[in-house]
Amino acid sequence: MADSNLIVKAHEADKEGVVLTVTPESAGWEHVGFQVVKLAQGQVLRRETGSNEICLVLLSGKADVATKLQSWQAIGERMSVFEQIPPYSVYVPNDDLYEVLALTEVELAVCAAPGFGRYPARLIAPAQVGVESRGYGNIERRIHNILPEQESADSLLVVEVFTPNGHWSSYPPHKHDRDSLPDESLLEETYYFHVQPEQGFAIQRVYTDDRSLDETLVVRDGQTVLVPRGYHPVCAPPGYEVYYLNVMAGPVRTWKFHNDPDHAWLMTKPRE
């Protein structure tokens, strides 16, 4: 089976610690950028934000983080995403900078989208992350709302999802690829996966109504899936826990999705 151009694989860390990169240019879209950076203890990542706003998500590990005007010491709590406690994150506006000093080994997600300078840098502590269960039965999953539309940002929407083994998520299949508010918003999206045990895999299907795009993907630990359009459900095979971090952005910062009409009936929970 040929590799899908919707899957972005990790590579050996460069001198900054970057192991995976998605840019609007590489993805063929306009808004979402995403990187994964793995820092050794004592390593420093320092960058200017330029025209993008940034959400730094400490996937695992502890760090000191500073921007032009703010600093936070020894943030980070979980050593693995599968501890399933909300992460520490830092929002950084455009025309700012960030410096991350790793106090332990750190896996850092750098989520990027166009910024307009409306909001200052801030810490997003675990207590500020909305936690919810969504779905029922074997479509139940755990959601951590890191940067939802109710919280301040110019473009970015950031959420992480824990799908138990044998369960489905992003399900019933939904899409957000039409700028047709109030019914549906146009949002590009990345899915960054971890799988436990790490030799496992997840399954993700990405498809459109007319099937001009219709791919079923086998996704490994540490890989990213691009969702430029279409429905995009995820399955965690029995025996494997699946985590993913979603980054979304588009012309309007709101998440209005459309369920696949063939499967929308699943939104009605069966009577006990």
Side-chain angles (χ1 to χ4, degrees), residues 6 22 24 27-34 52-57 86-87 89 91 93 109-116 118-119 122 124 128-136 139-163 167-193 204-209 213 224-234 242-264 266-269:
L6 298 181
V22 175
W29 57 35
E30 297 182 16
H31 300 91
V32 172
F34 179 71
N52 285 327
E53 64 178 0
I54 302 292
C55 183
L56 302 170
V57 182
S89 304
Y91 173 83
V110 182
C111 314
F116 309 111
R118 298 188 182 111
Y119 307 105
R122 70 181 188 277
I124 304 171
Q128 297 167 280
V129 175
V131 178
E132 62 177 303
S133 290
R134 195 174 293 164
Y136 61 89
I139 61 172
E140 186 175 359
R141 60 274 195 193
R142 178 184 175 92
I143 314 293
H144 290 167
N145 291 302
I146 297 167
L147 193 55
E149 63 184 273
Q150 296 81 10
E151 300 296 332
S152 299
D154 291 327
S155 299
L156 281 169
L157 297 163
V158 183
V159 62
E160 61 181 13
V161 178
F162 299 86
T163 308
H167 284 220
W168 288 72
S169 59
S170 293
Y171 196 83
H174 69 267
K175 71 180 184 75
H176 35 74
D177 59 11
R178 290 187 307 135
D179 190 1
S180 184
L181 291 169
D183 300 320
E184 186 177 347
S185 54
L186 173 59
L187 294 170
E188 306 155 355
E189 185 167 22
T190 55
Y191 276 66
Y192 176 62
F193 284 84
Q204 185 163 30
R205 185 181 177 204
V206 183
Y207 67 100
T208 55
D209 286 311
L213 173 60
T224 291
V225 170
L226 308 177
V227 182
R229 62 190 187 279
Y231 307 100
H232 39 276
V234 173
V242 170
Y243 163 93
Y244 53 80
L245 179 75
N246 290 141
V247 182
M248 293 181 281
V252 180
R253 188 176 178 263
T254 187
W255 184 55
K256 299 294 183 185
F257 60 87
H258 172 73
N259 287 315
D260 184 336
D262 286 346
H263 309 298
L266 289 157
M267 291 295 290
T268 304
K269 183 174 180 178

Taking ring-ring contact (aromatic ring centres under 6.0 Å, His included) as the criterion, tell me which of Y192, Y244, Y191 meets it with F34.
Y192
Side-chain contact, heavy-atom cut-off 4.5 Å: [X] with [Y]?
{"X": "P87", "Y": "V57", "answer": "yes"}
{"X": "L245", "Y": "C111", "answer": "yes"}
{"X": "V225", "Y": "V234", "answer": "no"}
{"X": "T163", "Y": "F193", "answer": "no"}
{"X": "V32", "Y": "V22", "answer": "no"}
{"X": "W168", "Y": "P173", "answer": "no"}
{"X": "V158", "Y": "I124", "answer": "no"}

Donor-acceptor pair, [X] side chain versus [Y] backbone, under 3.5 Å?
{"X": "E184", "Y": "H258", "answer": "no"}
{"X": "H144", "Y": "E160", "answer": "no"}
{"X": "R141", "Y": "Y171", "answer": "yes"}
{"X": "D260", "Y": "D262", "answer": "yes"}
{"X": "E188", "Y": "H31", "answer": "yes"}
{"X": "D177", "Y": "G230", "answer": "yes"}

Donor-acceptor contacts, no H, no angles, side chain residues 149-157, under 3.5 Å, sequence neighbours left out:
{"unit_1": "E149", "atom_1": "OE1", "unit_2": "T254", "atom_2": "OG1", "d": "2.9"}
{"unit_1": "E149", "atom_1": "OE2", "unit_2": "W255", "atom_2": "N", "d": "2.9"}
{"unit_1": "D154", "atom_1": "OD1", "unit_2": "R118", "atom_2": "NH1", "d": "3.3"}
{"unit_1": "D154", "atom_1": "OD2", "unit_2": "F116", "atom_2": "N", "d": "2.6"}
{"unit_1": "D154", "atom_1": "OD2", "unit_2": "G117", "atom_2": "N", "d": "3.2"}
{"unit_1": "S155", "atom_1": "OG", "unit_2": "P114", "atom_2": "O", "d": "2.6"}

Return the [atom1] to [atom2] distance between [X] and [Y], rounded to the nearest 0.5 Å.
{"X": "W29", "Y": "T190", "atom1": "CH2", "atom2": "OG1", "value": "6.0 Å"}
{"X": "E53", "Y": "L147", "atom1": "CD", "atom2": "CG", "value": "7.0 Å"}
{"X": "Q128", "Y": "I146", "atom1": "CD", "atom2": "CD1", "value": "12.0 Å"}
{"X": "M248", "Y": "F257", "atom1": "CE", "atom2": "CZ", "value": "10.0 Å"}
{"X": "S169", "Y": "Q204", "atom1": "OG", "atom2": "CD", "value": "8.0 Å"}
{"X": "R229", "Y": "K175", "atom1": "CZ", "atom2": "NZ", "value": "11.5 Å"}

Work out which heavy atom in [X] is nearest to a heavy atom in [Y]; give both atom names and the distance.
{"X": "D179", "Y": "P251", "result": "OD2-CG, 4.0 Å"}
{"X": "K256", "Y": "L181", "result": "CG-CD2, 3.7 Å"}
{"X": "G250", "Y": "L187", "result": "N-CD2, 3.7 Å"}

Sequence-distant partners of P93, side chain to side chain contact (heavy atoms under 4.5 Å, CB included), two or more places apart:
Y91, D96, A121
Parallel, tilted or perpendicular: which one describes the rings of H232 and H176, with boundaries at 30° and 60°?
perpendicular
Hey, would you say the H263 and Y231 ring centroids sit under 6.0 Å apart?
no
Passes side-chain contact (heavy atoms from CB on, under 4.5 Å), I143 versus V131? Steps please.
CA-CA 6 Å; I143 314 293; V131 178; over 6 Å; no
